[in-house]
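Side chains included, hydrogens not; waters and symmetry mates left out as well; all remaining heavy atoms used.
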Protein chains: 2
Amino acid sequence: MSDIPGIDVLRALGDDHRLRAALVLRRHELCVCQIVELLQLAPSTVSKHLAILKDAGLVESRKRGRWVYYRAARKAALPTRVVNTIMTAFDETEQSRMDSRTLDQLLSMDPEKLCEKQRCP
Amino acid sequence: MSDIPGIDVLRALGDDHRLRAALVLRRHELCVCQIVELLQLAPSTVSKHLAILKDAGLVESRKRGRWVYYRAARKAALPTRVVNTIMTAFDETEQSRMDSRTLDQLLSMDPEKLCEKQRCP
DNA sequence: TCCTTATTTCGCCATATAACGAAATATGAA
DNA sequence: TTCATATTTCGTTATATGGCGAAATAAGGA
C-alpha cells in the first residue's frame with residue numbers, strides 16, 4: 001500500500017508510541033525491556049513497533065546474548081521549516097513528478113468541463 | 001488518540017493520496033474537482049482527505065461561489081536531514097521531556113531487575 | 001422562487017492497525 | 001543436556017481508517 005518511497009517513515013513516526021521510542025533511541029541504545037518499561041506496553045507489542053521502525057530504516061538492532069539492543073540508525077530526525085523540508089524531499093519522487101505533469105494538463109482544462117466529465121462518464 | 005502535538009501532521013501526510021494532494025497544493029491553488037481528477041477518487045473521499053490536511057494545519061481553503069479552493073497553508077514539505085529535523089522538533093514536546101526523565105530513572109536501574117519486575121507484577 | 005450543481009456530511013462496508021496472550025525461538029547458565 | 005528467560009512470531013480481537021454512494025448543504029442562475 002506504500003506506493004511513494006519514504007512515506008513509510010511518516011507512517012512509522014505517526015504513532016505516539018513509536019515516535020516516543022524513536023526519540024529515546026536517538027539518545028541511548030536500549031534493550032527491548034527498557035522500552036517496554038518506558039511505553040508500558042506488552043513486550044510483543046513493543047517488539048512489533050520496533051520492527052516497524054526498523055523496516056522504515058529509522059532504527060537498527062544488535063544482539064548481545066539474550067538481549068537485543070536498539071538504537072537510532074546511523075543515517076536517518078516539526079514547525080514550518082520541518083514540513084517544508086519533508087515536502088521538498090517528497091517533491092522529488094516519481095509520483096510527484098507524474099502528478100505535476102498530470103496537473104499541467106488539468107490546469108489547461110476548464111474546471112467547468114472537468115466537473116461535467118465527472119458527472120457523466 | 002493523538003497525544004503528542006504535531007503528530008497529526010505526520011499522520012496526515014502518511015497517506016499516499018493526501019501526500020500527493022498536499023504536494024500539488026504547494027504549487028497551485030486548486031478546487032476540489034481538480035483534485036478529484038488528479039487522485040481519481042470519489043468527491044466525498046477527496047473532501048474528507050482535504051479536511052484531514054486542513055485539520056493538521058497543512059492546507060487552507062476559501063469559498064468562491066460554488067467552488068471551494070484549497071492551497072497550502074501559509075505556515076507550514078525525506079532523506080537523513082529531514083528525519084533529523086522532524087525528530088529534533090518533536091524532541092521539544094512535553095511528552096519527550098517526560099520520556100527523558102523517565103528514561104533517566106530507567107537507566108539507573110539494572111535491566112535485569114526491570115525484566116524481573118515485568119515478569120512478576 | 002425553483003433548478004442545477006460543487007462540496008460536505010452521513011451511513012455503510014472492507015481492510016488495516018494496535019494491542020494482548022500464548023506459543024515458538026534463541027541463548028546463557030546450571 | 002536441561003532449565004530459565006529475553007525476544008519474536010502467531011492468532012485473535014477491537015478499533016481506526018479509507019473508500020463509496022446517497023442525502024444534506026450552499027450558492028449561482030433561470
Whole-Å gap separating [atom2] ([N]) and [atom1] ([X]):
| X | N | atom1 | atom2 | value |
| --- | --- | --- | --- | --- |
| A:Arg66 | C:dT25 | CZ | P | 19 Å |
| A:Leu39 | D:dT7 | CG | P | 13 Å |
| B:Lys63 | D:dA27 | NZ | C1' | 7 Å |
| B:Asp16 | D:dG18 | CG | C1' | 12 Å |
| A:Tyr69 | D:dA6 | OH | P | 11 Å |
| B:Leu41 | C:dT7 | CG | P | 15 Å |
| B:His17 | C:dT15 | NE2 | P | 17 Å |
| A:Asp55 | D:dT9 | CG | P | 10 Å |

message: Is any side-chain heavy atom of B:Glu29 closer than 4.5 Å to one of B:Arg62?
response: yes
field: Side chain to side chain, A:Tyr70 and A:Leu30, heavy atoms closer than 4.5 Å
entry: no
task: Output yes when a side-chain donor or acceptor of B:Arg18 lies under 3.5 Å from a complementary backbone atom of B:His49, and no otherwise.
output: no
- prompt: For B:Gln34, does its backbone N or O pair with a side-chain atom of B:Glu37 as donor and acceptor, under 3.5 Å?
  reply: no
Donor-acceptor pair (no angle test) under 3.5 Å: B:Thr45 side chain, D:dG18 base: no
task: Check each of A:Leu50, A:Leu19, A:Leu13 against A:Leu58 using the side chain to side chain contact (heavy atoms under 4.5 Å, CB included) test, and report the only one that passes.
output: A:Leu13
query: Which sits closer to the 5' end of DNA chain C, A:Gly14 or A:Arg64, going by the nucleotide each is nearest to?
result: A:Gly14
Among [options], which is the nearest nucleotide to the side chain of [X]?
| X | options | value |
| --- | --- | --- |
| A:His49 | D:dT7, C:dA19, C:dT8 | C:dA19 |
| B:Trp67 | C:dA18, C:dA6, C:dG21 | C:dA6 |
| B:Lys48 | D:dT7, C:dT7, D:dG19 | D:dG19 |
| B:Ala42 | D:dG21, C:dT8, D:dT9 | D:dG21 |
| A:Ser44 | C:dT7, D:dT9, D:dG19 | D:dT9 |

- line: One would report the end-axis bend of the helix from C:dT1-D:dA30 to C:dA30-D:dT1, five pairs per end and rounded to 10 degrees, as 20°
- request: Sort and list the pairs that fulfil salt bridge (charged side-chain N to carboxylate O under 4.0 Å, His left out) and have at least one residue in residues 40-57 of chain A, not counting sequence neighbours.
  value: none
- request: May I have the step-by-step check of salt bridge (Lys or Arg N to Asp or Glu O under 4.0 Å) for A:Arg20 and A:Asp15, ending in yes or no?
  value: CA-CA 9 Å; A:Arg20 291 169 58 195; A:Asp15 172 89; over 6 Å; no
task: Would you please confirm or rule out a distance under 4.0 Å between OP1 or OP2 of D:dA6 and any side-chain N or O of A:Tyr70?
output: no
